[in-house]
Amino acid sequence: MLLPAHAYVRPGSLDDCLIALREAGDAGQIVAGGTDVIFNMRLKLFRPETVISVRKLRELQDIEPLPDGGVRIGAACRLHDLTEHPLLNGRWPAFTDAIRQLASRHVRNMGTLGGNICLKTRCWYTNNSAQWRAGRAGCFKTDGQLCHVIKSSDKCHAINNADTPVILIALGATLTIRKVGAERQLPIVDLYHDDGLHNLALDVDELVTHVTIPPVDDRTVYVKQAARKGIDFAIGSVAARCNGAGEWAGKVTLVLGSVSTAPIVLKEPAAIIESSGLTDEAIERACDAVRDELGEVTNLYSRAGYKKQVARVLVRRALQRLREM
Amino acid sequence: MAREIITLTVNGDTREILVSDRQTLLDVIRDQLSLTGTKRGCTTGACGVCTVNNAQGEAVLSCLTPALEWDGESIVTIEGLEQNGELDAIQTAFIEYGAVQCGFCTPGVIMSAKAVINAHPEPTEEQINAGMAGVLCRCTGHIKVKDALRNDHLIRARSET
Ligand SMILES: Cc1cc2nc3c(=O)[nH]c(=O)nc-3n(C[C@H](O)[C@H](O)[C@H](O)COP(=O)(O)OP(=O)(O)OC[C@H]3O[C@@H](n4cnc5c(N)ncnc54)[C@H](O)[C@@H]3O)c2cc1C
Ligand code: SF4
């Protein structure tokens, strides 16, 4: 089956790419590794007029150590290359560990960091072919007026199912975003909106060019639950971070992914550990507090009830792992 | 629909090919070059039977990548493993260890296995699992495939002496 008709543009430089993006406007579609864009074009979910390839842009390939001990990573770096990078493995092991848990080696050989950060949301309805979907009414994402996943809702509840945003939020990463004539820095946590349809705070003419991770000495960990570890999207995932040693823990950050339209920064569970430390009793209380912060959970790959339980278990595992570090 | 000529090196032969923006690398390999060893399976990245090797000898999914993206690049398909009428050691290993049943996934499985061997001539259990997780077999299963991969180096040594 051929892909839907479109024009394919391969700009030779970042500046040309930004111009192409501006010209294409709403009908444009950035493609990097293509592992999600081509998938969605096959499902006729993405129907761009112009596809603009950023995979080979020279300006987006570098991994540059910064004087302050941080690192600046080009958005078109391949996921596999990041997992092999000595500096990243040495200083941000939870980051490369998260990438190793993402999809399969085949997909990591093609997919890029920028593509993962800017992954569009997904749900069980839109994960099916156009022919399958034609048997049901269209939804908010497919020019309809309802959501199949949460029927009473007036918005799209598709899930942000990406792995790297979860750990990058915990690490306090910042994105460099460019368009013609302008550049801005955005803390990655602010990229994600709680709306499945417009889940990214990016304009159509904007491109993520780099990701900056600050130096992090804290204990950090990424845990993920998936049906098959070697290839599947997460049912849930947790990134956890704190300073201190053993049960003593300060500055706790807990981020939960793949249960909602955006990654969730868990507040009360983190506050509980900050005030009581990583004791068994405090960890249980933190797990109890997870449910209140979940909002509406979408049932992708498993029932919503199971996902809520997974969220709780992953928080426990992550906190126990921090204690052992 | 726009058409463009790309230069692609396939199994050592450099060719100029007229491709459209609607084609993936898989479409070009099968329908234009008639190299039908590479299979069309799910076409969404989940099964891995379309796997070919890139210039670095890594496994990539030809169904998920636009053909135009491969201008100037080089790939190896299952047809490229045999050299001068001799099967590659990994192919011999698959035969010796019975790692083939119906055969539909075999080209993708072998190209994934080849990528493991390219990176790790004597792979560990972990390296085998990581390299093979992206490709599925529904009849032989994965045990014999792993046996073949574990013993590829013995077969290579045998053919070298
Ligand atoms: C079998 C399979 C399993 C998968 N499993 C996982 C998984 O476990 N976890 C996971 O997170 N993902 C998974 N994925 C999804 C996907 O492969 C990855 O998220 C991958 O990192 C996407 O990167 P890409 O470069 O291929 O993105 P593309 O498909 O090229 O792009 C993805 C999106 O990002 C946008 N984009 C890309 N680059 C930029 C940029 N620089 N600036 C702005 N926007 C940009 C594109 O417009 C598009 O909307 C899986 C995919 C497959 C096929
Ligand atoms: S979650 Fe979004 S994409 Fe899925 S059915 Fe509801 S509106 Fe459509």
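Letters A, B, ... are given to chains in the order of the sequence lines, protein chains preceding strands, and every chain is numbered from 1.
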Derivation and outcome, side chain to side chain contact (heavy atoms under 4.5 Å, CB included), residues B:L61 and A:T35: CA-CA 9 Å; B:L61 301 167; A:T35 57; 5.8 Å; no
Looking only at heavy atoms, which two atoms of [X] and [Y] are closest? And how far apart?
| X | Y | result |
| --- | --- | --- |
| A:P4 | B:R22 | C-NE, 3.9 Å |
| A:R105 | B:A130 | CB-O, 3.4 Å |
| A:H106 | B:S112 | NE2-OG, 2.8 Å |
| A:R10 | B:L68 | NH1-O, 2.9 Å |

Contact origin within B:T51 toward chain A - heavy atom pairs under 4.5 Å: side chain
Heavy-atom proximity to chain A below 4.5 Å, by part of B:A46: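 Answer is backbone: N, CA, C or O of B:A46 sit under 4.5 Å from chain A.
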Within a reach of under 6.0 Å around [atom1] of [X], are more than 12 heavy atoms found that belong to other residues, nucleotides or ligands?
| X | atom1 | value |
| --- | --- | --- |
| B:D13 | CG | yes |
| B:E126 | CD | no |
| B:R15 | CZ | yes |
| A:E64 | CD | yes |
| B:F104 | CZ | yes |
| B:E82 | CD | yes |
| B:I143 | CD1 | no |
| A:K56 | NZ | yes |

Contact origin within A:R228 toward chain B - heavy atom pairs under 4.5 Å: side chain
Modelled atom types, side-chain donor and acceptor of B:E69 and A:Y8, under 3.5 Å: yes
Backbone N/O of B:C63 and side chain of A:R42: donor-acceptor pair under 3.5 Å: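 Confirmed, A:R42 side chain pairs with B:C63 backbone.
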Verdict with supporting geometry, A:L3 and B:Q23, side chain to side chain contact (heavy atoms under 4.5 Å, CB included): CA-CA 6 Å; A:L3 298 172; B:Q23 285 176 302; over 6 Å; no
Which distance, rounded to the nearest 0.5 Å, do you find between the [atom1] of [X] and the [atom2] of [Y]?
| X | Y | atom1 | atom2 | result |
| --- | --- | --- | --- | --- |
| B:T44 | A:L43 | OG1 | CG | 7.0 Å |
| A:S104 | B:N129 | OG | CG | 13.0 Å |
| A:M110 | B:S62 | CE | OG | 8.0 Å |
| A:I38 | B:T24 | CD1 | OG1 | 8.0 Å |

Heavy-atom side-chain contact between A:L2 and B:D27 under 4.5 Å: yes
Name the member of [options] that forms the most heavy-atom pairs with chain A at distances under 4.5 Å.
| options | value |
| --- | --- |
| B:V60, B:V135, B:T43, B:L26 | B:T43 |
| B:G45, B:G134, B:A133 | B:G134 |
| B:E73, B:Q56, B:R40 | B:E73 |

Cation-pi, B:W70 ring and A:R55 (6.0 angstrom, 45 degrees):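 Output yes; distance and angle both within limits.
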Carboxylate-amine/guanidinium contact B:E58 A:R108, below 4.0 Å: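 Salt bridge absent between B:E58 and A:R108.
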